[in-house]
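Presented below is the structure to which this report refers.
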There are 2 protein chains.
Amino acid sequence: MIEDSRKILSEHSVSITNPRILVLEALLEFGNPITIDELQSKLKGAVAKSTLYRVLNDLKKIKILNEFTSPDNSTVVELILEDHSHHHHLFCSDCGEVIDVELSEEFETMLNKEIENVQKKFNFEITDHRVEMFGLCTEECSNCK
Amino acid sequence: MIEDSRKILSEHSVSITNPRILVLEALLEFGNPITIDELQSKLKGAVAKSTLYRVLNDLKKIKILNEFTSPDNSTVVELILEDHSHHHHLFCSDCGEVIDVELSEEFETMLNKEIENVQKKFNFEITDHRVEMFGLCTEECSNCK
DNA sequence: AAATAAATGAGACTTATTCTCATTTACTGT
DNA sequence: ACAGTAAATGAGAATAAGTCTCATTTATTT
């Protein structure tokens, strides 16, 4: 995992430092979208708060980190790995879990057509989009038991 | 507009107070999603900051206000009126404008099917969803000129 | 291994949102 | 219309997420 982290950093010509490795490792290990709070507690104080935010900004700058706000207003962060294809998010309003969801090809194709239309209609250049779903996890969610 | 505001409040059995009327009027008049900053400046100090937030929370509680976070992390708020049908949002990353967008029936039908599948797959009860698009407005946006 | 630029830690600072509490306002029954 | 009561408000203090400062440490280049 350390080697993965080093590799990621050097591939993006970002200097390899301890805090960056620790943050990347934590993100890689968790493997799912994670709130900054959770990330902080996984790091157990090993990285200063200011540094954590700086590292996250660095990762955003090199486009390997996605950041969004969950319905309960906490900031959620997620690594974008090469093998991690286009996907969307499902939020549990109860436990706060965020799950990656892939939707069907046909759906994505249709969504792209819709986006085309919106671009024309509003004279916009649309660069990105996001589908979010909210609800309650039932039996299977480990957090809500 | 005052009468609309009073009506909205009484229909939801919420007591009719000046700050609530002022906030509703501002939202009705603007007619589009608006940041809290903009809303505050429209109110020109007529409503105390703490009261503004309380009123917004009241409106959320009675489900006539939608709140979300724009890509530049400002909080955006929008009235949900009866005649205001299901729609999504288009954000300009340059000027911060938020535009309501309706997508085609076929798309929504297909999205609902996808949601059905996600519900089954993850054993979730999905209660809501949202499609967000990000980009840059070109000629037509009044804010970006 | 030295020189230099970049990154870090610690804590101050900023700013959005919530909270507290004394005062005011809206609603109820008479 | 009026008094009584509960709810809402204003003003500013408190909280908390995120940024900034600056002196020190670390990574990288030579």
Side-chain angles (χ1 to χ4, degrees), chain A residues 2-3 5-26 33-62 64-78 96, chain B residues 2-3 5-26 33-62 64-77 96 98:
Chain A
I2 287 201
E3 279 322 307
S5 305
R6 289 180 179 281
K7 197 172 154 223
I8 291 173
L9 292 172
S10 62
E11 272 171 354
H12 290 87
S13 348
V14 163
S15 66
I16 294 165
T17 66
N18 220 38
R20 286 177 180 157
I21 289 172
L22 291 171
V23 171
L24 275 175
E25 276 191 284
I34 187 173
T35 61
I36 290 185
D37 272 359
E38 276 176 289
L39 182 54
Q40 252 166 341
S41 59
K42 295 221 178 283
L43 290 169
K44 293 266 177 211
V47 174
K49 181 169 56 115
S50 50
T51 303
L52 172 58
Y53 280 101
R54 271 186 296 230
V55 168
L56 293 176
N57 282 327
D58 295 340
L59 300 182
K60 277 195 272 180
K61 234 172 267 161
I62 61 173
I64 65 167
L65 191 85
N66 203 359
E67 187 184 289
F68 48 93
T69 304
S70 78
D72 69 341
N73 286 321
S74 39
T75 299
V76 179
V77 118
E78 168 183 56
Chain B
I2 288 199
E3 280 322 308
S5 305
R6 289 180 179 281
K7 198 174 154 219
I8 291 172
L9 292 173
S10 62
E11 273 171 352
H12 291 88
S13 346
V14 163
S15 67
I16 294 166
T17 66
N18 222 37
R20 286 175 180 161
I21 290 173
L22 291 171
V23 171
L24 275 175
E25 277 191 282
I34 186 173
T35 61
I36 290 185
D37 272 0
E38 275 175 289
L39 182 54
Q40 251 165 341
S41 59
K42 296 223 178 278
L43 291 169
K44 293 266 177 209
V47 174
K49 185 170 49 119
S50 50
T51 304
L52 173 57
Y53 281 101
R54 271 185 297 228
V55 168
L56 293 176
N57 282 327
D58 295 340
L59 300 181
K60 278 195 272 179
K61 232 172 268 162
I62 62 175
I64 65 167
L65 192 84
N66 203 359
E67 188 184 288
F68 48 92
T69 304
S70 77
D72 69 342
N73 285 322
S74 39
T75 299
V76 178
V77 119
V98 187

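Below, read A as the first sequence line, B as the second, and so on, with proteins coming before strands; counting in each chain starts at 1. For clarity, every value in this text was computed on a predicted model and none was experimentally measured.
- Side-chain contact between V55(B) and L22(B) is absent, with no heavy-atom pair separated by less than 4.5 Å.
- Comparing dT9(D), dG9(C), dA11(D) against the side chain of V47(A) picks out dG9(C) as the nearest.
- Rounding to whole angstrom units, NZ of residue K60(B) and C1' of dT17(C) are separated by 10 Å.
- Residues I34(A) and K42(A) form a side-chain contact, since some pair of their non-hydrogen atoms from C-beta on lies under 4.5 Å apart.
- Judged by distance alone with a 3.5 Å cut-off, no donor-acceptor contact links the side chain of K49(A) to the base of dG11(C).
- K61(B) has its NZ atom 12 Å from the P atom of dA7(D), to the nearest Å.
- For the atom pair OG1 of T51(A) and CG of N57(A), the computed distance is 11.5 Å after rounding to the nearest 0.5 Å.
- Residue T75(B) places at least one side-chain N or O closer than 4.0 Å to OP1 or OP2 of dT17(C).
- Scanning atom types as modelled, no donor and acceptor separated by under 3.5 angstrom connect the side chain of R54(A) and the base of dG18(D).
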Protein-nucleotides 26-30 of chain D N/O pairs under 3.5 Å:
residue	atom	partner	partner atom	Å
dT28(D)	OP1	I16(A)	N	3.2

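- Rounded to whole angstrom, the span from the NE2 atom of H12(A) across to the P atom of dA6(C) amounts to 20 Å.
- Judged by distance alone, with hydrogens and angles left aside, the side-chain atoms of S10(A) form a donor-acceptor pair with the main-chain N or O of R6(A) at under 3.5 Å.
- To the nearest angstrom, P of dT15(C) lies 16 Å from CD1 of I36(B).
- For the side chain to side chain contact (heavy atoms under 4.5 Å, CB included) with S70(A), the qualifying choice from V76(A), T35(A), T75(A) is V76(A), the only one to do so.
- Side-chain atoms of N57(B) lie closest to dT18(C) of the nucleotides dG9(C), dG10(D), dT18(C).
- Rounded to a whole Å, the CG atom of L56(B) is 15 Å from the C1' atom of dT9(D).
- In this entry the distance linking CZ of R20(A) with C1' of dG9(C) reads 15 Å, nearest Å.
- Between Y53(B) and the phosphate of dT18(C), there is no side-chain N or O to OP1/OP2 separation shorter than 4.0 Å.
- With values rounded to the nearest 0.5 angstrom, I21(A) atom CD1 is found 6.0 Å from N18(A) atom CG.
- With contacts defined as side-chain heavy-atom distances shorter than 4.5 Å, the pair N73(A)/E67(B) qualifies.
- Spacing between atom CG of N73(B) and atom P of dT17(C) amounts to 11 Å, rounded to whole angstrom units.
- Mapping S50(A) and L52(B) onto DNA chain D via the closest heavy atom, the residue that lands nearer the 5' end is L52(B).
- In this structure, the CD atom of E67(A) is 8 Å from the P atom of dT19(D), given to the nearest Å.
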